[in-house]
Amino acid sequence: MSHRHLRQGLRLALPCLLASMPLIPSAAHAAPKADPYAAVEALPQPSTKWFTDAKFGMFVHFGLYSIPGGVWDGRKMGRNDYAEWIRYQLDWPQNPDGMTRPVYDSLLKQFNPVKFDADAWIREAKNAGMKYFIITSKHHDGFALWDSKVSDYNVVKATPFRRDILRELRDACKKYDIKFGFYYSHWLDWDVGAPPPWPEIKEDPVLKQPTQAEYDVYWHKKCLPQVKELMDGYAPDIFWFDSWGNARKKFLTPERLSELITLIRKNKPDCLINGRIGTDRGIDYLSMGDNEFPKNKIHRPWETNATLNHSWGFSKIDFKWKPATQILRSIVDNVSRGGNVQYNVGPTGEGEFQPAAIRRLREIGAWFEVNGDAVYGTTASSLPEPKWGRLTEKTVTDAHRLNAFVYSPKGGSELVIEGQKTAPTDAYVLETHEKVKFSVTENGLKFTLPKWVPDENITTIVFVLPKQ
Ligand code: FHN
């Protein structure tokens, strides 16, 4: 789906540019249409400072689909090999594999993740260096992970587990000082018969669509009341909505989205809303496509959501684990271009993180422990991006720091930060505090890596500059 998200990302950026261009009145032009989002835009915008400082968060996909883990009856299931899509793949009559609704719902009786330990999950996030945590309060299947009064299709009313998973996680986030947010599938809800309306995607069957009147029932009787429940009951820091492509517009009309945004803004004005809510211009921050890492700086808050392996929900057969070295570079890439990253974990049906996920989280955490200061609270540098690595900047009490992340560093090599003309007062390897030799040349700031470098994937050099 990433190419579609990319197109969506471009569409999100373009209207902002256009909006900032002066309008030249002309008698030949018809009067401009009223902006459907005007009322929403008039509401106070929350500050995104904590988010842009935080840089790194955890995403969790957990629900009924975590039980089959992408395999049913010995067969691999799930559109795009996304295990959380197992119900879509199997359900409607157009799909030959056809798992009926009652079969999917037989998972309700089995949902008993006795090893679920909110404290352990959030501790892993904290130790990995993550600053915020977002959980699927309700994914496309419509199943809620809290005691919703609006729909009994939820963990407390319909499963033997009967525990409010969201509350336990919220409390653990408070304990570990981690910001807490919800993924909520507002566009798709297969429980109430809103299959994906996207006939433009060839591989998908054309499913019977709800009428606008039927969708309105879902919207007003389930979606909005559930979002309100979540706002009232949990006071989240982020609402992460999910929609993509043009087909979303059929049901996510400006009027409906304005209702949703207003509900959140009025309830908790500082709750951030991500771009995939479906407005063309994005809301508080842009969400890239799945695993989409842009190659250039973006000058407004943005984030990539990414997987440690491939599937979002736990998959028994997904062994495409990315190495921690690659994950770390993707984080540094994004941060150096002004963005955030949230990496996903898909806990098992019993409620545990897989060892392969834990191993990566801990490796990442070990790197952050040493290098985090060059990541958190930084901004993208205005200097050109070097071929040998990445740059960030940060002003501290008495100085300005330019951080250079050297990728695959070769001990003793000479590197240049082009365009940096002011001489530092100090330069050192962040991990070892070993001094680094430097000189200002015509091309910029030249420096020499120590003979032995501490990290062969990414070694961070700090240049201390006079405060700007
Ligand atoms: O369809 C979902 C998918 O299951 C998963 O939740 C991802 C996360 O970004 N969002 C949608 C696909 O882009």
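Read the numbers this way: they start at 1 and go in the same order the structure lists the ligands and their atoms.
Judged by the 6.0 Å and 45° rule, K131 forms no cation-pi pair with F56.
Contacts of M288 with ligand 1, taken as heavy-atom pairs under 4.0 Å, are absent altogether.
The two residues K222 and G142 come nearest to each other via the heavy atoms NZ-O, 3.0 Å.
Annotation: W240 places no N or O atom under 3.5 Å from an N or O atom of ligand 1; distance criterion only. Taking distance alone, with nitrogen or oxygen atoms compared against 3.5 Å, W244 stays at or beyond that limit from ligand 1. Looking at ligand 1, you won't find any N or O of Y82 less than 3.5 Å from one of its N or O atoms. Residue W312 has no N or O atom closer than 3.5 Å to an N or O atom of ligand 1.
Under a 4.0 Å N-O distance rule, the pair E385/R390 qualifies as a salt bridge.
Closest heavy-atom approach to atom 13 (O) of ligand 1 among the candidates N274, D290, L188: D290.
Pairs engaging residues 346-357 under the side chain to side chain donor-acceptor pair (under 3.5 Å) rule: K115-E350 [sequence neighbours left out].
Each of the atoms 5 (C), 6 (O), 8 (C) of ligand 1 lies under 4.0 Å from some heavy atom of H61.
Ring geometry for Y234 versus F182: interplanar angle over 60°, hence perpendicular rather than tilted (30 to 60°).
Here K138 pairs with Y184, D189, Y218 under the side chain to side chain donor-acceptor pair (under 3.5 Å) rule; sequence neighbours left out.
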